[in-house]
Amino acid sequence: MKYKKKGVSNISIGDSVLIFDIETDGLNTETSLMKWFGAFSFKDNNYYFYTHDEKDQIQTLIDAHKVVVGYNSRDFDIPIMENNGYNFEYKIRIDLMRVLFDPLTRRSVRENIIKVNGKVLKDLLPNHKLKTLGEVLSLSVQKGDIDYKIFYKDEWDEKETSEILKYLYYDVRLTKELFEYFYKEFLPMKEFMSQSDQRKYNWFRTSTGSYTYKVICHKAGIEEEYAEKSKYKKYEGGFVSKPEIEVCKGKIYCLDFSSAYPHSFLMGNLYAHSCKCCKDDEKWHGNDMFKVNGKYCKKKPGKIEEVIKKLYLLRSEYKKNKDPREYALKVILNTLYGISGANIFKNVYSLTTAADCTLIARTMIKFARKKFEQAGYQLIYTDTDSVFLKDVYDDKGRIMKVRDEIIKEIGLSVPFPQETFSMGIDAEIKAIWFFRDYNDELKKKNYLYITSDDKVKIKGLPIIKSDCSKVSRKVMNQLSNEIIRRSDIKFPENYIKDIVYNILKDDITLVANFYKVKDLSQYKSNCIQAQISKEYGAGEHWLVPNKIKGNVGKSKKYCTVIEAAELDLEDLDLKKVWDTELCIFIDDWKHPLFTRRMERAEEKYQKKREQELQKFFDSDLFDSESVGFDISNEEYLKNEIELEME
DNA sequence: GCCTGGTGCATACC
DNA sequence: ACTGGTATGCACCAGGC
């Protein structure tokens, strides 16, 4: 019995692609029997549905296609069908689940480069079920499920058949739409690959690292060889400065190098370490400015450098024309540095090259800092390829002149200066804040700023991390208008407290923290994630930190939102909400650990003072004139703190 | 008992 | 077929006093 249904497709593919899905009587791939087979063919835009007794027709349909596509088909559908006597030899097999992530290694493959409404797909997915994916990507998802008992038999009446067909149709259609989504999303990556990789859909399903390696090898004419994965040495990366000040208001600019790492490669010719056109002692081995470790050809750009340059220029053009292929080139250019530090990518791998790439970038940004400082600008912060500075002269043109000087001087110190290399303005800011840790030191990679056009940008702060409580997020949203209106983020403690308790009054479970945990077997310690996995299973959980309820946690306890229904406000543990999430908005806030340390030092000082005093009273010197201490209280406290911090 | 430092894990920045 | 280092925060745990 064959059912056929006309469908439509919004993409045109040259290949014969078959989308398929099966229904079985169980989940065990060794023993399960396939009961139904559903498919969509891009050859004729038809859906096909068969029962298990139409084996020849199913095989004929498969044979008529070059590419077969399923969801979790690599570990489920195909093994079962093979055990049921079907043949998938020589088929190009695409498992759409594995396009996103690999369930075996639990690594993301492409879910972290797909964006939905500005957010990364990975962060939007609570799990990797096909239905969830359909919902997040706004595809046609059928509501409701089927009772799987229906597949425990071999024949179905008209009503059952209709139910199964409807169910299977929606699943095939969802898989088809997902394929179409990925196809459109990744097609811009296709043309940079070799013919063979294009044919095998490697532009569609490889990790970004593998993709980049394949493209670079193809374009540069290098063998695409792989090495055994091994533990390799680490090397120094980007330079991150401590923030120079806590708050800065006024005209502030964030300047950053355009594609710092690709330009490091180009300007230092860092992949041309084993050229045969010159001897070792004729090569570039750095200078006073760039103390590189490797030796690089200075006669002509290497093969990989030629490719980088070509792709960089092409990207600039695509970017100007809003061509979607711009993104593919961005991925390649940004990933190349990463794979040059991973030994499996044998023929681009070079620790010296990777380390010299970061060294050049570190040197450049430190040089820029020095130059701006010498020119009278106040440095604020630096991370890898960017520098924040205050425009004390209120003269953008002057900054640009200093910038040009920096670029020019860098160009004079490298063997292959690049015209495309520059520094751009990444942000125009009117106020920026940094925050203190428990040692009262300003933290790196954590800041908040307001741009000249009144946009609030937050980097790294706990309040934007995925585990942040909803109550803190709500508070932030309530404050945001006020923050922009006043150009200030600090409020009196009681003001924030009122907002928090007003929110918690209605729902105490909003203090819950978000946890995404793996299967228990994946943990080798009794860490909190392992405890959560053991108690509530792998997956995503909102857990309420509290003092009395729950089997997770030893000092602090965690229970589910449902279990928390019995808790009172006083039972909650609000430490994270106050001391890490909301403290950034509170006037004159000090970390409690730091405060306690100060108090202890004060106590110690008082004790010592009493002792000294006593000693003094007990001594013969009581009558003499040498009364008092040689250092002040503040000085003493400072010394104590420094001693403790060592 | 309290504090400290090391470690594993998760997640952000570049 | 598997991109890198830098950094913070949380909780656990062992070891010192």
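Just so it is clear, the values below take in all heavy atoms, side chains as well, and ignore hydrogens, waters and symmetry mates. Here is the naming used below: chain letters follow the sequence lines, and residue numbers restart at 1 for every chain.
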Undergrad: Given C:dC10, is OP1 or OP2 found less than 4.0 Å from the side-chain N or O atoms of A:K465?
TA: no
Undergrad: Does any N or O in the side chain of A:E111 come within less than 3.5 Å of the main-chain N or O of A:S108, such that one atom is a donor and the other an acceptor?
TA: no
Undergrad: Indicate whether OP1 or OP2 belonging to C:dT3 is found under 4.0 Å from a side-chain N or O atom of A:S207.
TA: yes
Undergrad: Measuring from the side chain of A:F345 (C-beta onward, heavy atoms only), which nucleotide among B:dC13, C:dT8, C:dT3 has the closest atom?
TA: C:dT3
Undergrad: Of all the nucleotides listed (C:dT6, B:dC13, C:dA11), which has the minimum atom distance to the side chain of A:K459?
TA: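 Shortest atom-to-atom distance from the side chain points to B:dC13.
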Undergrad: Any side-chain N or O of A:K229 less than 4.0 Å from the OP1 or OP2 oxygen of C:dA1?
TA: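 False: A:K229 side-chain N/O out of range (4.0 Å or more) of C:dA1 OP1/OP2.
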Undergrad: Rounded to whole angstroms, how far apart are CD on A:E441 and P on C:dT8?
TA: 10 Å
Undergrad: Main chain of A:E228, side chain of A:N343: is a donor-acceptor contact present, judged purely on distance under 3.5 Å?
TA: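 At least one qualifying donor-acceptor pair exists.
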Undergrad: Can you measure A:N446 atom CG to C:dG9 atom P for me and round it to whole angstrom units?
TA: 6 Å
Undergrad: Taking the six-membered ring for Trp, are A:F186 and A:F204 parallel (under 30°), tilted (30 to 60°) or perpendicular (over 60°)?
TA: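 A:F186 vs A:F204 ring planes: perpendicular.
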Undergrad: Respond yes when some side-chain nitrogen or oxygen of A:K444 is under 4.0 Å from OP1 or OP2 of C:dA7, and no when none is.
TA: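 Result: yes.
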Undergrad: Using the side-chain heavy atoms of A:K576, tell me which of these nucleotides is nearest: C:dA1, C:dT3, C:dC10.
TA: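 The answer is C:dC10, which lies nearest to the side chain.
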Undergrad: Find the distance A:F514:CZ to B:dA12:C1' and express it as a whole number of Å.
TA: 15 Å
Undergrad: Between A:D437 and A:E441 (side chain of the first, backbone of the second, donor and acceptor by atom type, cut-off under 3.5 Å), is there such a pair?
TA: yes
Undergrad: What base-paired stems does DNA chain C take part in, with at least 3 consecutive Watson-Crick or G-U wobble pairs and both distances under 3.5 Å?
TA: B:1-14 with C:4-17
Undergrad: With a 4.0 Å cutoff (strictly under), does any side-chain N or O of A:T580 reach OP1 or OP2 of C:dC10?
TA: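 Checking C:dC10 against A:T580, a side-chain N or O does come within under 4.0 Å of OP1 or OP2.
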Undergrad: Just N and O in the side chain of A:S386: are any of them under 4.0 Å from OP1 or OP2 of B:dC14?
TA: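 No, outside the criterion.
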Undergrad: Can you find a heavy atom in the side chain of A:H218 that is under 4.5 Å from one in the side chain of A:D197?
TA: no
Undergrad: Measure from the side-chain N and O atoms of A:N477 to the backbone N and O of A:V475, and report whether any donor-acceptor pair falls under 3.5 Å.
TA: no
Undergrad: As a test of reading the structure: which of C:dG9, B:dC13, C:dC12 is closest to the side chain of A:Y447, going by heavy atoms?
TA: B:dC13
Undergrad: Please give, in whole Å, the distance from C:dA1 P to A:N202 CG?
TA: 9 Å
Undergrad: Check every atom of C:dG5, C:dA1, C:dA11 against the side chain of A:S210 and return the nucleotide holding the closest atom.
TA: C:dA1
Undergrad: I need the CD1-P distance between A:I532 and B:dC9, as an integer number of Å.
TA: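 So the CD1-P distance, A:I532 to B:dC9, works out to 14 Å.
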Undergrad: Does A:Q531 make a side-chain N or O approach to OP1 or OP2 of C:dC12 shorter than 4.0 Å?
TA: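 Result: yes.
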Undergrad: Using a heavy-atom cut-off of 4.0 Å across all strands, would you classify A:K242 as base, sugar-phosphate, or nothing?
TA: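 No contact.
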Undergrad: Specify the separation, in whole Å, of atom OH of A:Y558 and atom P of B:dC9.
TA: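 Whole-Å distance recorded here is 17 Å.
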Undergrad: Look at the side-chain N and O atoms of A:Y523 and state whether any lies under 4.0 Å from the OP1 or OP2 oxygen of B:dA10.
TA: yes
Undergrad: Is A:H591 reaching over with its side chain to a backbone N or O of A:R436, donor-acceptor style, under 3.5 angstrom?
TA: no
Undergrad: Tell me: CG of A:L520 to C1' of B:dC9, nearest whole Å?
TA: 14 Å
Undergrad: Report yes if a side-chain nitrogen or oxygen of A:S555 is closer than 4.0 Å to either non-bridging phosphate oxygen (OP1 or OP2) of C:dC12; otherwise report no.
TA: yes
Undergrad: Considering only side-chain heavy atoms of A:D383, which listed nucleotide, B:dC14, C:dC12, C:dT6, is closest?
TA: B:dC14
Undergrad: What parts of residues 191-200 of chain A reach DNA chain C, counting only heavy atoms under 4.0 Å away?
TA: none
Undergrad: Which part of the nucleic acid, if any, lies within contact of A:G338, taking any heavy atom under 4.0 Å across all strands shown: a base, the sugar-phosphate backbone alone, or nothing?
TA: base
Undergrad: Can you tell me how the ring of A:Y235 sits relative to the ring of A:Y337, calling it parallel under 30°, perpendicular over 60° and tilted otherwise?
TA: perpendicular
Undergrad: So which nucleotide from C:dG4, C:dT8, B:dT11 ends up closest to the side chain of A:S466?
TA: B:dT11
Undergrad: Is the distance between the ring centroids of A:Y226 and A:Y213 under 6.0 Å?
TA: yes
Undergrad: Determine whether the side chains of A:T352 and A:N293 contain a donor N or O and an acceptor N or O closer than 3.5 Å.
TA: no
Undergrad: Does B:dC3 have OP1 or OP2 sitting under 4.0 Å from an N or O in the side chain of A:R596?
TA: yes
Undergrad: What's the closest nucleotide to the A:Y235 side chain, out of C:dC12, C:dG5, C:dG9?
TA: C:dG5
Undergrad: Between C:dG4 and A:Y337, is there a base-stacking contact, meaning the centre of the base's six-membered ring lies under 5.5 Å from the residue's ring centre while the planes stay under 30° apart?
TA: no
Undergrad: Identify which nucleotide among C:dA1, C:dG9, B:dA10 has an atom closest to any side-chain atom of A:K214, counting heavy atoms from C-beta outward.
TA: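 In terms of side-chain proximity for A:K214, the closest of C:dA1, C:dG9, B:dA10 is C:dA1.
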Undergrad: Over how many whole Å does the gap from A:I528 atom CD1 to B:dT7 atom P extend?
TA: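 Rounded to whole Å, this separation is 21 Å.
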Undergrad: Does A:I464 reach a base, just sugar-phosphate, or nothing at all? Heavy atoms under 4.0 Å.
TA: sugar-phosphate
Undergrad: Using only atom types and a distance under 3.5 Å, with no angle test, would you say the side chain of A:W203 pairs donor to acceptor with the backbone of A:M189?
TA: no
Undergrad: Ring centres under 6.0 Å, that's the criterion: do A:F290 and A:F367 meet it?
TA: no
Undergrad: What's the closest nucleotide to the side chain of A:K234 if the choices are C:dG5, B:dT11, C:dC13?
TA: C:dG5
